[in-house]
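Atoms within a ligand are numbered from 1 in the order they appear, just like the ligands themselves. The shown structure was predicted, so the numbers you read here are calculated from the model rather than taken from an experiment.
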Amino acid sequence: MSQILVAGGAGYIGSHTVKELRAQGYDVVVFDDLSSGRRDFVRDAELVVGDLMDKEAVRAAFRGRDVAAVLHFASLIQVGESYLHPRRYYTRNLVSSLNLLDALLEAGVRTMIFSSSAAVYGVPLRIPLTEDHPLDPFNPYGQTKFMVERILQDYDRAYGLKFVSLRYFNASGADPDGTLGECHDPETHLIPNILRAVTGRTEALDIFGEDFPTPDGTAVRDYIHVTDLAAAHVLALKKLGEAPRSEFINLGTNRGYSVREVIAAAERVTGRTVPVRVKPRREGDVPVLLASKDKAERVLAWTPRYSDLETIIGTAWAWQRKG
Ligand code: UDP
């Protein structure tokens with residue numbers, strides 16, 4: 001039986017997607033160096049521990065397997081760190097993607113789903129962001145996603161690689177069954193940080209900026225539940241099977257919440273107060289990021305099911321209390 005190779009399948013979004021793939025009967029092999037992923041997140045699939053920077057190890061993962069498609073989640077993801085260590089980000093995110101692409105082409109694979117990001121757009125010129133909005137990433141992390149997208153386009157033209165590049169907005173929440181969740185180290189994301197402040201694991205939540213041109217002064221983001229993201233990957237895979245045409249597709253909800261609104265929702269869900277401290281803006285944070293979800297609905301027949309704020313925070317809260 002053919003397999004789906006999932007690079008980075010032991011990480012946050014990757015592991016939720018592997019779960020969804022398995023639920024739909026796909027045979028999955030995960031390739032992950034466990035640098036940020038967790039072995040216990042790969043429950044129902046084979047795990048090959050290896051580093052995408054090691055070209056031979058990547059090639060070896062394809063040997064003796066009939067790989068039908070590759071999903072590529074593995075990358076460094078911290079925007080702040082990417083400003084400080086651009087060399088690390090460019091080297092790691094680009095070389096690992098190139099190695100994976102070489103190996104999959106050599107193995108005769110022509111189908112790939114890529115984890116891209118809203119960061120490819122840069123400062124929004126109009127909201128909501130549609131896929132044809134100009135791409136002008138301003139942080140090194142976003143640049144690496146943009147560059148891989150360009151590489152994929154060229155590989156489509158030259159080698160017939162068909163891909164869907166999924167541009168995630170704010171991935172959040174946890175598996176509703178409670179078996180998987182978010183655990184970045186260090187944690188930089190808003191919702192886990194709010195919940196850590198609620199439980200006293202940190203002193204307070206730092207609100208990065210209260211002087212944005214938004215109704216309450218805090219930044220507005222489009223939060224999308226990780227299980228909805230996972231479902232979109234499986235739909236994208238099916239779409240490429242039926243109509244092999246490369247696409248760039250936003251994954252967001254077209255609904256935004258400010259930092260203050262997320263805090264208020266977390267207080268409702270947890271029944272506790274969130275201690276806060278107001279800090280200056282983080283470098284590169286834009287006031288508002290909102291996705292148009294029209295293309296995802298049209299091309300993938302995808303609709304978010306878990307992405308209301310209460311469900312996002314409720315599932316993240318259940319996960320956080322277990323951990
Ligand atoms: N944020 C915050 N405190 C935190 C983490 C995030 O105020 O501890 C803000 C951040 O400035 C942004 C929003 O929450 O406006 C979402 O940030 P996150 O890092 O979760 O995702 P991003 O939008 O940066 O990808």
Ring centroid separation Phe138 to Tyr121 under 6.0 Å: no
Partners meeting ring pair (Phe, Tyr, Trp, His ring centres under 6.0 Å) with Tyr257 (sequence neighbours left out): none
Residues that Tyr89 engages under ring pair (Phe, Tyr, Trp, His ring centres under 6.0 Å), provided they are two or more places apart: none
Residues forming a side chain to side chain contact (heavy atoms under 4.5 Å, CB included) with Ser96, sequence neighbours excluded: Leu52, Met53
Ring centres under 6.0 angstrom apart (His233, Phe73): yes
Can you list every pair where an N/O of ligand 1 is under 3.5 Å from an N/O on the protein?
unit_1   : atom_1 : unit_2 : atom_2 : d
ligand 1 : 3 (N)  : Asp206 : O      : 2.6
ligand 1 : 7 (O)  : Asp206 : O      : 3.3
ligand 1 : 7 (O)  : Phe208 : N      : 3.0
ligand 1 : 8 (O)  : Asn193 : ND2    : 3.1
ligand 1 : 11 (O) : Asp285 : OD2    : 2.6
ligand 1 : 17 (O) : Arg282 : NH2    : 3.4
ligand 1 : 19 (O) : Thr188 : O      : 3.4
ligand 1 : 19 (O) : Arg282 : NH1    : 3.3
ligand 1 : 19 (O) : Arg282 : NH2    : 3.0
ligand 1 : 20 (O) : Leu190 : N      : 2.8
ligand 1 : 21 (O) : Asn170 : ND2    : 3.0
ligand 1 : 23 (O) : Asn170 : ND2    : 2.9
ligand 1 : 23 (O) : Arg221 : NE     : 2.8
ligand 1 : 24 (O) : Arg282 : NH2    : 2.8

Carboxylate-amine/guanidinium contact Arg221 Glu261, below 4.0 Å: no
